[in-house]
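Okay, so here's the structure we're looking at.
Below, chains carry the letters A, B, ... as their sequence lines are ordered, and counting in each starts from 1.
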Amino acid sequence: MELLGSLNPPQREAAEHVDGPLLILAGAGSGKTRVITHRVAHLVIDRGVHPEQILAVTFTNKAAGEMRERVDELLKEHGAPEASAGVTISTFHSLGARLLRRHADQVGLTWSFNIYDDGDQAKLIRELMDRAGMDRDRSHARRLRGFIERMKNRGAPPDRAHESAFNSEDEENAYFYEDYQKALRRSNCVDFGDLIMAPLELFRANPALAAMYSRQWRYIMVDEFQDTNPAQYELLAHLTSEYHNLAVVGDDDQAIYRWRGATVANILGFEGEFPKARVVKLEQNYRSTQVILDAADDVIRHNPSRRAKKLWTDQEGGDPIKVFTASDDREEAQYVADTIRTKLSAREVEADDVAIFYRTNAQGRLFEEQLRYAGIDYEIVGGMSFYQRAEIKDVLAYLKIALNPVNEVDILRVINTPSRSVGDATAQKLSEGARVRGIETLFGAIRFVTGADMTFEGELELIEPSPRTSDEDDALIALDKIGGAQTTGLRDFHDTIQSLRDDLMHYDSLAEIMRQFIERLNYFDYLDSKFEAESEDKKRNVSELVNAIEEFERDWQQDATEGVFKGADLLAESASALSGAVAVYKLRAFLDQSALIQAGSKSETEEDADLLGGRVTLMTVHGSKGLEFDTVFMVGMEDEVFPSIRDKTDPEEEHEERRLAYVAITRAKRHLFVTNAKRRRVYGQFKDTSPSRFLLDVDPSRWVIDPKSTSRDLDWRPKRRTPKAKPLTDEDRYFSDGGPDYSFDQSGAAPDQAAATEWDEFAQVAPSEQGWSSGGGHDQEEEASGGDLADKTVTHTRFGVGRVEAVSGVGDKAVVTVRFAGAGRKKIMRRFLKVLG
DNA sequence: CCCTGCAATGTTTTT
DNA sequence: CATTGCAGGG
């Protein structure tokens, strides 16, 4: 069968495109992964492109894994089974990590650098704040982290941060950022942001190297392009500098990572950047029913600045969305669990095909509880990662130190775990001592105290004899004063690391080395003594870590020979003594993977792995992007939960929440349930809620209320909303709209063709009633009311559900004042309203 | 120097 | 409501 035969015309056009920039605007469910994978196969099979010349970049490991699988399949099917391994398919961050491994020496790192996760990063920031004598203020620490992240997302190293500082706060932040970068490099470590920024700096300083890679990867594809940040964009620019064969796929309506520095400008401005770019729109949706797509459109159409695009499907109609309002959050979870139970028993759907989406991870607990109670197998994706658990981080810390002995954050983490009588006071003295010339590192300080004479490879060795300052003298005196018990403890720590390094050099089985190490450390005894009830869990987690390593070792061989990086890592390190050992490679690869993969915590029922029908999936809406399920429960649909708006002065926040809701809705293939609760526990106390404005935006013809619901309408908001609170936001919401009550014209979705404010709209329908001060007319209106409408609940296609407050005039042309649950008070012509009761 | 008990404080979203 | 940080006794 012909390779591209199964594609529709636009899909085919995109897949057949070979040279030059390509922008694929792919609506939700339009088969974008299909297009990417077919394009890869087409390049290799029909166009004779060498697999090594292809690079596909994604954001998540899940997406990368899926793409790899499907490319594998396609190439196998079409007689090129070997080719798949040559194609590089990677996330941005692991691509960055691999580039850095290869060129570590050019950016102030060594081959053995470690990757700090968020927790490590926060620890380092706190440490540095202490050292700088700054107030230990958590919110300040957060701001500093935010600043550093923002700079790195823009690809701005400290010197650029200094240049762009406009006020004294930015200036101070820039100094801190500079300190932070220095400390990271002293520890031979990088953070997540560095995984993008450091390769970028490498290419900026060395354009010839960038050119080399851009010749190597002649065809580059990027998935979820709307979520790229400026640093990633610039990195791509370097990587495509030679041929400009950049093919990007994305959907501006699914941009949900603005808070992480992503900018939709990258996708919206693509043609500006590449005037010769071919643009292909994929608008046929193969996933959902018309009802679901319409509901999604009801929500997203309120956003300004969208690319014109209209999803369509040939699956007409479909089940209406089912809405359920619970009296509280617990009942909400109960309802979801009951409903799933019923559907599973009736064989309407398999557990595999059901998902629950919530806005924040914390919401997941209640659902977990109720599912367990109902005896339903489930899987939680995301949340507290396995690799973030204390016991796992402890063990990994030792491994990281063994590889990279200058890693200060990890040394401080485990120097007293298990207890070695080395507390904060001693650690403090060691930290100060590490800054004395001639000592240089924490391990230098430990050696000074214990009298050990061994130097670890990988430690900095810049000893420049010069007179010490009095601070340094003080630090040395403090080191001298460290007591006997502490010295013994430090010696134990030193020997522990030493023996772990010895083992890594002499044995090949990483899992075996680990088992012995954990034994030697008496780590299980430590867990028993420190934790009562949880110690069994923790021990099991550690064992699971060893199992994970064992499994990793089994598959490792294939991984190491993948794509263009084949053999390159080995070459780069041949100078190092440690690097001769297989276990060291495996360890380093494992550590990278564990840092880069957000492994979801396993469900309670993981033992029976292949149970029939699988299990229900629980995850945040963010986690759901790129996935699809037959039946979806969108829960917690209340204002302040979803949308969760932190900064009410920033209208962009609501826009992003809207896109998030759009993503959630478009995950559903056939059945969508939307639930909320009238009150919900926040910090242990009940708080009254209001229905989500997004839910109210969905036309009532698309949903029905479950008879079991506590409320028969969506008019249960407890307190009046104050429309004055954010007038700008409201303006924004309506500004871009195609206008009232005629079908949404997609060509009008461009921002400059914005149609009407609410007042303009009113002018269209009833010019004579227009007025900025409606106060005077009130009494008259009420007297002239048609009677039949007074106090009725009505719905409007755009404003949703509201209650009639006043009516003036009669018949279809009557003007009705309605207070909408989601949109405040409006005057609307009678004929645009549907009366509910 | 370590452990226990109390208080404060906080929740987006993820590579 | 949980978790995390901090103060004071052992």
Side-chain angles (χ1 to χ4, degrees), chain A residues 57-64 90-97 115-119 121-122 126 136-139 141-142 149 152-153 190-197 224 227-229 231-232 255-262 329 357-366 381-385 387-388 390 416-429 482-486 489 529-532 592-600 619-626 636 640-647 653 656-657 659-661 663-664 680-687:
Chain A
V57 189
T58 65
F59 275 85
T60 64
N61 296 289
K62 198 184 277 171
S90 170
T91 66
F92 265 108
H93 291 266
S94 48
L95 179 71
I115 300 168
Y116 277 165
D117 68 16
D118 283 356
Q121 187 190 28
R126 269 183 47 195
R136 265 259 275 295
D137 174 7
R138 257 182 298 184
S139 71
R142 277 178 61 135
E149 285 293 308
K152 292 192 173 182
N153 286 336
V190 298
D191 62 16
F192 277 124
D194 282 339
L195 290 175
I196 309 298
M197 191 180 75
E224 308 281 12
D227 286 328
T228 49
N229 64 35
Q232 288 161 333
I256 55 172
Y257 287 107
R258 194 181 77 101
W259 53 275
R260 208 167 72 181
D329 47 356
F357 300 157
Y358 33 76
R359 181 63 182 77
T360 62
N361 281 304
Q363 288 168 260
R365 295 227 163 183
L366 275 173
V381 178
M384 170 79 152
S385 148
Y387 289 101
Q388 284 170 345
N416 199 36
T417 309
S419 175
R420 293 188 181 93
S421 308
V422 181
D424 289 345
T426 307
Q428 189 64 36
K429 289 175 195 163
I482 288 176
Q486 285 68 247
S529 66
K530 181 154 182 202
F531 306 95
E532 307 274 310
D592 278 0
Q593 196 205 52
S594 65
L596 293 169
I597 287 185
Q598 168 85 16
M619 62 171 104
T620 64
V621 180
H622 281 88
S624 77
K625 195 167 68 157
E640 305 203 345
V641 176
F642 195 177
S644 136
I645 293 172
R646 218 179 48 200
D647 177 3
E653 287 206 6
E656 177 138 323
E657 293 290 313
R659 292 190 290 265
L660 202 48
V663 167
R680 162 178 308 278
R681 282 194 122 109
V682 182
Y683 299 143
Q685 282 197 325
F686 277 115
K687 221 186 129 205

### Query
Touch check for R126(A), heavy atoms < 4.0 angstrom, all strands: base, sugar-phosphate only, or nothing?
sugar-phosphate
### Query
Roughly how many Å is it from CD1 in I256(A) to P in dT14(B), rounded to a whole number?
9 Å
### Query
NA contact type, A425(A), heavy-atom cut-off 4.0 Å: base, sugar-phosphate, or nothing?
sugar-phosphate
### Message
Can you tell whether the side chains of E656(A) and R659(A) come within less than 4.0 Å, N to carboxylate O?
### Response
yes
### Query
Which listed nucleotide (dC1(B), dC2(B), dT9(B)) is nearest to the side chain of R138(A)?
dT9(B)
### Query
Heavy atoms under 4.0 Å, any strand shown: does N416(A) hit a base, just sugar-phosphate, or nothing?
sugar-phosphate
### Task
Check the distance between dT15(B)'s P and I196(A)'s CD1 and give it to me in whole angstrom.
13 Å
### Message
According to a cutoff of under 5.5 Å between the ring centres and under 30° between the ring planes, does F92(A) stack with the base of dT15(B)?
### Response
no
### Task
Pick base, sugar-phosphate or nothing for N361(A), based on heavy-atom distances below 4.0 Å to the nucleic acid.
sugar-phosphate
#### Entry: Check: N153(A) side chain, R260(A) main-chain N or O, donor-acceptor pair, under 3.5 Å
yes
### Query
NA contact type, Q685(A), heavy-atom cut-off 4.0 Å: base, sugar-phosphate, or nothing?
nothing
### Task
Measure the distance from CD on Q363(A) to P on dC1(C) and round it to the nearest whole Å.
18 Å
### Heavy-atom check, side chain of R258(A) versus side chain of E653(A), under 4.5 Å
yes
### Query
Contact class for R258(A) (heavy atom, under 4.0 Å): base, sugar-phosphate, or nothing?
nothing
### Query
Can a side chain N or O of T60(A) be found less than 4.0 Å away from OP1 or OP2 on dT14(B)?
no
### Task
State whether the distance check finds a donor on one side and an acceptor on the other, under 3.5 Å, for side chain R260(A) versus base dT13(B).
no
### Task
To the nearest Å, give me how far apart CZ (F192(A)) and P (dT14(B)) are.
12 Å
### Query
So what does S644(A) hit on the nucleic acid, given a heavy-atom distance under 4.0 Å: a base, only sugar-phosphate, or nothing?
base
### Residue that, paired with H93(A), satisfies side-chain contact (heavy atoms from CB on, under 4.5 Å) out of I115(A), L195(A), V57(A)
L195(A)
### Query
Whole Å only: how far is the CZ atom of R420(A) from the P atom of dC2(B)?
12 Å
### Message
In this structure, how many angstroms lie between the C1' atom of dG10(B) and the NZ atom of K687(A), rounded?
### Response
14 Å
### Task
May I ask you to test the L596(A)-F192(A) pair for a side-chain heavy-atom distance under 4.5 Å?
yes
### Message
Within the 4.0 Å heavy-atom criterion, would you say V422(A) contacts the bases, only the backbone, or no part of the nucleic acid?
### Response
sugar-phosphate
### Message
Tell me the interatomic distance from D424(A), atom CG, to dA7(C), atom P, rounded to whole angstroms.
### Response
12 Å
### Query
Which nucleotide sits closest to the side chain of Q486(A): dC1(B), dT13(B), dT15(B)?
dC1(B)
### Task
Take the protein atom CD of E149(A) and the nucleotide atom C1' of dT13(B), then report the distance between them rounded to whole Å.
14 Å
### Query
Of all heavy-atom pairs between V621(A) and A664(A), which one has the smallest distance, and what is that distance?
CG1-CB, 3.7 Å
### Query
Which part of the nucleic acid does Y257(A) contact within heavy-atom distance under 4.0 Å: base, sugar-phosphate only, or nothing?
sugar-phosphate
